[in-house]
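Naming: A, B, ... by sequence-line order, numbering from 1 per chain.
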Amino acid sequence: MIEIQRIRERKEEVLEGLLKRNIDATKEVTQILTLDQEWRSQKTALQNLEAELNTISKKIGQLFSKGKQAEAQELKTKTAELKTSVQAVKKIEEELENNIQSLLFSLPNVCTTEVPKGKDESANEIIEEKGTSPSKEAAAIPHWDLAKTYGLIDFELGVKVTGAGFPFYRGQGARLQRALVSYFLDEAVNAGYEEYVSPLMVNEESGKGTGQLPDKEGQMYYMPADDLYMIPTAEVPLTNIYRGVLLPDANFSIKLTGHTPCFRREAGSYGKDVRGLNRLHQFEKVEIVRIETPENAETALQEMLSHVKHLLESLGLQYRVLRLCGGDTGFAAAITYDFEVYSAAQEKWLEVSSVSRFDTFQSNRLKLRYKDENKKSRLCHTLNGSALALPRIMAALLENNQGPNGISIPECLTRYTGFKTITNNT
RNA sequence: GGAGAAUUGGCAGAGUGGUCGAUUGCGGUAGUCUUGAAAACUAUUGUACCGAGAGGUACCGGGGGUUCGAAUCCCUCAUUCUCCGCCA
């Protein structure tokens, strides 16, 4: 949620940042400012009435204790009148506040100045590309066929037991999955992130805190019997650890990591994009989350980008880094960098990581603050990124490392897999 | 799942309808004393919002209600603890 303060003080900057997303919010912002002014005057009026009521009530108490019943009764009739006006003003004040809130909730985050303007992924900027991939001839077979040949992943079995998008991994496939999780977690811990095992379901409050609710509830699996949501990413439980927290000083840099399955309904997805591991309802991911002062946020972002690059390089994958345009940037993010790896067999780039700065958008909803040097409460900045999401990494590894004698495993993983090559085990 | 008890400021813990934003202790901060420290003493010490300011309003687990007035009474939800049951 954008801070109302920011809209009051730097309206132009807010409008410009939203324009990056092709959103002209002039109407909403003007409306917010008008309502805000009205709300403040009603609030003042309300508080004055309440103050008066409090004074009289106190007086009544004093009169009663002195035994002056008659005078007390007289004052009582006066309060009745006051009370009805308090209630009336309160109702107006609350209504105004709700309207402002829902307008603020409807606005996405303000994009930073580096974010290119644009409607969709065609306007994304490629800012870096690194590594090489095998030729189409050398890596001809797509991962869904390799997975079958080598008995690594069983999609049909998943359909039988649950439904499409819920595959079984087995044998060396399961082991490779576990190896990737361990490797990514170890690397994150080595980089100073504290490892958490988190709940896989969250309550409504948490969904709101990170911005999944109320806008994107169709993306999450919901359990009405218990009013809980399956997490679409570890970002939700990890960031919500700090919901409602007031850090005592500016001397912090909080780094969290966690491995979780992620559950996404992916309503509306179809076609060849969903083939094999490309788009699943349940997949594994290692997430990194940071909570920083505004001053340190950009440095933290750069560190996270380097961390992801290091992972991809150690796996020997060709990758490129995109700076997403406004229209492709998620609702809550101020700026997002996507990492894509190249799949030779599919002849296309697959998104494997997304690293974002949220500035105060999440912390404003979370009420996550710290005390600055002047003992003033300020909102923290939050950041997060995938490091990494497994399925497409697995797809690229299988496809790009296939050979006549099996699929070779990158060296950094062999101590986790216990094998160097995937051989036919069906 | 059943029965009972509880939830108050950083922590401990008073407070059962009126001057209680809340006794007190510990802790924190500042000062006095001291070469320095400790001890002792003194002062200070929650959050958010409205207001140019003076000041005001709200908050005693969450929400609602009764009342001129609620930490205190009522309803409801959540959480914790104890006992029983079940269980990886």
Side-chain angles (χ1 to χ4, degrees), chain A residues 1-9 32-105 197-209 213-214 223-229 237 240-252 261 360 362-380:
Chain A
M1 190 159 65
I2 305 173
E3 292 165 83
I4 185 124
Q5 200 87 350
R6 188 169 172 192
I7 297 179
R8 280 182 203 149
E9 289 166 10
I32 287 171
L33 288 173
T34 314
L35 289 172
D36 181 52
Q37 205 150 40
E38 178 63 16
W39 171 75
R40 285 151 89 184
S41 77
Q42 292 293 341
K43 182 89 177 173
T44 309
L46 173 66
Q47 290 183 348
N48 287 340
L49 286 171
E50 283 174 333
E52 205 177 324
L53 194 60
N54 285 345
T55 320
I56 296 178
S57 295
K58 237 169 226 180
K59 226 178 260 173
I60 292 174
Q62 285 165 357
L63 289 172
F64 267 124
S65 64
K66 285 181 196 153
K68 298 181 177 169
Q69 312 286 341
E71 286 178 50
Q73 284 302 336
E74 205 175 306
L75 280 178
K76 267 199 193 183
T77 55
K78 210 170 152 191
T79 54
E81 200 180 308
L82 259 177
K83 237 183 134 180
T84 51
S85 36
V86 163
Q87 276 163 356
V89 177
K90 194 169 188 167
K91 205 177 147 203
I92 295 168
E93 184 263 340
E94 276 170 359
E95 223 162 85
L96 284 165
E97 191 172 15
N98 287 339
N99 288 342
I100 295 168
Q101 282 292 317
S102 56
L103 276 168
L104 283 174
F105 263 116
V197 176
S198 78
L200 304 181
M201 299 182 205
V202 293
N203 56 29
E204 189 185 346
E205 266 313 270
S206 294
K208 277 187 184 160
L213 295 173
M223 257 102 27
D226 297 289
D227 200 18
L228 294 172
Y229 297 85
N240 272 283
I241 292 172
Y242 284 88
R243 171 152 49 84
V245 168
L246 176 57
L247 297 163
D249 54 48
N251 200 5
F252 65 91
T360 59
Q362 289 184 327
S363 59
N364 191 26
R365 292 185 174 201
L366 291 161
K367 295 282 166 280
L368 164 53
R369 295 158 301 160
Y370 70 99
K371 291 267 195 197
D372 69 9
E373 317 75 59
N374 305 317
K375 299 278 179 205
K376 288 269 285 181
S377 298
R378 292 176 70 192
L379 291 170
C380 299

Begin with the C-alpha distance, continue with both residues' side-chain angles, and end with the deciding distance and a verdict on salt bridge (charged side-chain N to carboxylate O under 4.0 Å, His left out) for K91(A) and E95(A). CA-CA 6 Å; K91(A) 205 177 147 203; E95(A) 223 162 85; 5.0 Å; no
At under 4.0 Å between heavy atoms, which parts of nucleotides 49-62 of chain B does protein reach? Answer with one letter per nucleotide, 5' to 3': B base, S sugar-phosphate only, - none. BBS----BBS----
Is a side-chain donor or acceptor of D226(A) paired with a backbone partner of L228(A) at a separation under 3.5 angstrom? no
Can C380(A) and Y242(A) be said to form a side-chain contact (heavy atoms from CB on, under 4.5 Å), step by step? CA-CA 10 Å; C380(A) 299; Y242(A) 284 88; over 6 Å; no
Using side-chain heavy atoms (C-beta onward) and a distance below 4.5 Å, is W39(A) in contact with E93(A)? yes
Under 3.5 Å, is there a donor-acceptor pair between the side chain of K367(A) and the main chain of N364(A)? yes
Between G61(A) and A80(A), name the one whose nearest nucleotide on RNA chain B is closer to the 5' end. G61(A)
Nearest whole angstrom, please: distance from the P of G69(B) to the CD of Q73(A). 13 Å
On a whole-Å scale, what distance lies between the C1' atoms belonging to G65(B) and G13(B)? 30 Å
Same-atom distance (C1') from U16(B) to U29(B), integer angstrom: 36 Å
Distance between the C1' atoms of U57(B) and U7(B), in whole angstroms? 26 Å
May I ask you to test the L368(A)-L379(A) pair for a side-chain heavy-atom distance under 4.5 Å? no
Can you tell me which residue among N99(A), I100(A), L96(A), L33(A) is in a side-chain contact (heavy atoms from CB on, under 4.5 Å) with E38(A)? L96(A)
Please give the stem ranges for RNA chain B, sorted by first residue number, where a stem is three or more consecutive Watson-Crick or G-U pairs and both donor-acceptor distances are under 3.5 Å. B:1-7 with B:78-84, B:10-12 with B:24-26, B:27-32 with B:40-45, B:46-50 with B:55-59, B:61-65 with B:73-77
Give the rounded distance in Å between these two atoms: CG of L49(A) and C1' of C68(B). 15 Å
Looking at G69(B), I'd like to know if its phosphate oxygens (OP1 or OP2) sit under 4.0 Å from a side-chain N or O belonging to K83(A). yes
Separation between the P atoms of A39(B) and A30(B), rounded to whole Å: 15 Å
Between U47(B), C68(B), U19(B), which nucleotide gets closest to the side-chain atoms of Q62(A)? U19(B)
pair I4(A)-D36(A): side-chain heavy atoms closer than 4.5 Å: yes
Rounded to the nearest Å, what distance is computed from the CG atom of residue N364(A) to the P atom of nucleotide A48(B)? 13 Å
List the steps and the verdict of side chain to side chain donor-acceptor pair (under 3.5 Å) for S57(A) and N54(A). CA-CA 5 Å; S57(A) 295; N54(A) 285 345; 5.5 Å; no
Taking only the side-chain nitrogens and oxygens of R369(A), find out if one of them lies under 4.0 Å from OP1 or OP2 of A48(B). yes
Take atom P in G28(B) and the same atom in A22(B), then report the distance between them in whole Å. 24 Å
Base, sugar-phosphate or nothing for L75(A)? Non-hydrogen atoms, less than 4.0 Å. nothing
Within the structure provided, determine whether M223(A) and Y229(A) are in side-chain contact (heavy-atom separation under 4.5 Å). no
Mind checking the C1' distance from C26(B) to U45(B)? Whole angstroms is fine. 13 Å
If you look at every strand shown and take non-hydrogen atoms under 4.0 Å, does S57(A) touch a base, only sugar-phosphate, or nothing? base
Would you kindly give the CG-to-P distance between L379(A) and U47(B), to the nearest whole Å? 15 Å
Atom pair distance, as rounded to whole Å: CZ in F64(A) and P in U19(B): 15 Å
C1'-based separation of G9(B) from C59(B) [nearest Å]: 11 Å
Considering only atom P, compute the distance from U44(B) to U24(B) and round it to an integer number of Å. 12 Å
Find the distance K375(A):NZ to A48(B):C1' and express it as a whole number of Å. 18 Å
E204(A) atom CD is separated from A78(B) atom P, nearest whole Å, by 14 Å
Do E74(A) and K78(A) sit within salt-bridge range, that is, some charged N less than 4.0 Å from a carboxylate O? no
Nearest-Å distance, CD (Q87(A)) to P (G64(B))? 13 Å
Distance check: side-chain N/O of K58(A) vs OP1/OP2 of C20(B), anything under 4.0 Å? no
